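Right, one structure below, let's go through it.
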Amino acid sequence: MSIRVRFAPSPTGFFHIGSARTALFNWLYARHHGGKFILRIEDTDRERNTDDALRVLLEGMRWLGLDWDEGPEAGGEYGPYFQSERNAIYDKHLQILRDKGLAYDHEGAVFFKVSGEPQVINDLVRGRVERKEEKDFVIYRSNGSPVFHFVNVVDDMTMGITDVIRGEDHLSNTSKHCELFKAFGVEPPRFGHIPLILKQQGPGKMSKRDAGSLIEEYDHRHFIPAAVRNYLALLGWSPKDNREILSAEELVSLFDLSGVTKNNAKFDERKLSFINAQYLHALPAAEYLELARSYLKKANWRDEETRSPDNKYLDEVLLLCQEKLHAVDSIPAFIDYFFVFDYQYAPKAVKKIMKKGDPVQRVREFVEAASQLEEWTEAALEKCITTLAEANGVGTGEYIHPCRLGVSGTNAGPGFYGLLVVLGKDRTLERLQRFVENPPVVVG
RNA sequence: GUCCCCUUCGUCUAGCCCGGCCUAGGACACCAGGUUUUCAUCCUGGCGACAGGGGUUCGAAUCCCCUAGGGGACGCCA
């Protein structure tokens with residue numbers, strides 16, 4: 001029988017990172033085994049704005065590249081895929097239990113009569129787990145609506161779910177679910193309980209309120225979806241061969257529940273950032289430019305620069321800095337000086353550079369030599385600096401450092417010669433002229 | 001309180017099932033050098049862990065037991 005798994009989120013208006021990881025593991029499992037990945041919406045809570053909440057969820061899924069074979073917008077033969085539309089199915093199944101004498105009314109609610117037998121599951125992740133369900137539990141509230149455990153089992157059963165992959169927080173619920181499956185005379189599906197994601201500081205699992213816990217945040221910050229997906233895959237799963245940067249195709253072919261860890265994993269935003277940076281550096285130019293520009297526009301960074309779709313200077317600047325960046329949302333701070341003349345000199349850079357040798361004199365010499373240059377290329381500039389350094393018996397750094405400070409106001413940035421080339425001859429000389437005439441002073 | 005799950009570097013993990021190849025491997029972070037051009041790039045190196053205690057065994061990170069710690073579930077929430 002071909003594998004059918006489902007991701008069954010409740011639309012809350014947020015797409016939590018833990019849910020996303022559960023969705024990802026289900027998706028990988030389905031794709032790896034050539035099965036079906038079903039999206040089922042547990043929208044029984046009418047209080048929330050379900051339209052909006054659903055949109056957040058679907059957008060998050062798409063952003064991560066998790067496509068579903070059945071569910072909202074995709075349809076399928078096992079619908080409806082919204083719990084709110086399945087009441088007739090639930091009622092019918094309640095009647096089945098009633099007929100078997102396994103459901104009874106008490107204080108207005110309907111209780112399920114447990115067998116009290118130990119329930120054994122051979123969990124795909126954790127191995128044999130045994131637990132006994134001692135007490136009868138409510139399956140229909142006194143207001144007539146079915147509760148989670150009941151609908152969950154009925155849905156899995158009627159949708160032909162073969163494997164239930166979910167968070168470990170459901171492990172203790174599984175005995176209830178097994179009781180129900182058996183009451184219906186149905187063999188329970190296989191279960192795989194994956195570890196939880198713990199908050200990086202303090203005790204407990206990650207919650208909506210923790211920083212970095214929402215997928216939409218990474219979208220807004222223009223993280224690369226493939227990077228987030230890659231990081232999430234590594235939380236609680238390992239390919240066991242020391243590889244970490246893995247494409248969707250590689251993840252699909254390598255993933256299986258046997259590689260899933262039993263212990264909970266702490267969320268580590270630094271590792272996520274690292275992986276995101278790897279993806280950022282590896283991005284093809286066109287894709288990178290599109291991503292960067294869309295972020296700048298969204299962040300309202302210098303409208304006059306981002307307005308035109310072919311601002312060549314902006315593109316050159318962005319490309320020059322690509323390999324240095326950690327994240328897209330750090331671009332504005334990193335490139336701003338390319339676009340203004342009145343940038344400030346960073347105190348710590350001034351302190352570091354202005355104290356050594358005679359920086360103003362070195363810059364003065366460079367301005368003089370560079371203004372004679374006919375070709376403004378990396379090779380020509382390098383030759384120019386090397387020649388000056390040799391002639392004056394000093395290292396090239398004596399020129400490069402103050403010049404960088406002069407044209408950018410900082411001591412960090414892209415490769416020096418590339419920097420000057422992108423800035424162009426006019427901007428470079430103009431900036432250095434200002435530096436010579438009004439050099440920064442060390443304070444403190 | 002009851003029940004369930006887990007326990008290798010600060011963090012994510014490999015190794016554990018099938019004990020010896022483990023003086024425990026990789027990655028992030030951190031630190032130090034290098035790239036005689038910066039650094040938020042890149043390269044090299046360093047730091048750093050088998051929770052504790054009992055067994056079993058010639059031999060245990062690997063098997064068993066106990067303790068401790070962490071997490072989760074115990075709702076007419078999902």
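Just so it is clear, the structure is predicted and the values come from calculations on it, not from any experiment. So you know, we letter chains A, B, ... as the sequences are listed, proteins then strands, and number each from 1.
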| task | Carefully, step by step, assess A:Y81 and A:E70 under the rule side chain to side chain donor-acceptor pair (under 3.5 Å). | result | CA-CA 8 Å; A:Y81 293 91; A:E70 297 173 27; 2.5 Å; yes
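- Annotation: side chain to side chain donor-acceptor pair (under 3.5 Å) contacts involving residues 250-264 of chain A, sequence neighbours excluded, comprise A:H33-A:D256, A:R243-A:E250, A:S247-A:E250.
- Within the cation-pi definition used here (under 6.0 Å to the ring centroid, within 45° of the axis), A:R431 does not qualify as a partner of A:F341.
- For the pair A:D123 and A:R190, the salt-bridge criterion is not met [side-chain N within less than 4.0 Å of a carboxylate O].
- Contacts of A:D329 classified as salt bridge (Lys or Arg N to Asp or Glu O under 4.0 Å), with partners at least two apart in sequence or in another chain: A:R221.
- For the contact set between residues 387-400 of chain A and RNA chain B, defined by any heavy atom under 4.0 Å, the members are A:T396, A:G397, A:I400.
- Listed by chain and number, the residues in a side-chain hydrogen bond (donor to acceptor under 3.5 Å, both in side chains) with A:S175 are A:R131, A:E133 (sequence neighbours excluded).
- Across all strands shown, A:G127 has no heavy atoms under 4.0 Å from either base or sugar-phosphate atoms.
- Across all their heavy atoms, A:G409 and A:A349 have their closest contact at O-CB, 4.4 Å.
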| remark: B/S/- along nucleotides 16-35 of chain B (protein heavy atoms under 4.0 Å) is ---------BBBSS------
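- Side-chain to base pairing of A:S142 with B:C76: one donor and one acceptor N or O lie within less than 3.5 Å of each other.
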For nucleotides 5-7 of chain B, print each protein N/O atom paired with a nucleotide N/O atom at under 3.5 Å, atom names and distance only.
{"from": "B:C5", "atom 1": "O2'", "to": "A:R126", "atom 2": "NE", "distance (Å)": "2.9"}
{"from": "B:C5", "atom 1": "O2'", "to": "A:R126", "atom 2": "NH2", "distance (Å)": "2.7"}
{"from": "B:C5", "atom 1": "O2'", "to": "A:E168", "atom 2": "OE2", "distance (Å)": "2.8"}

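- If you check every strand for non-hydrogen atoms under 4.0 Å, A:N173 touches a base.
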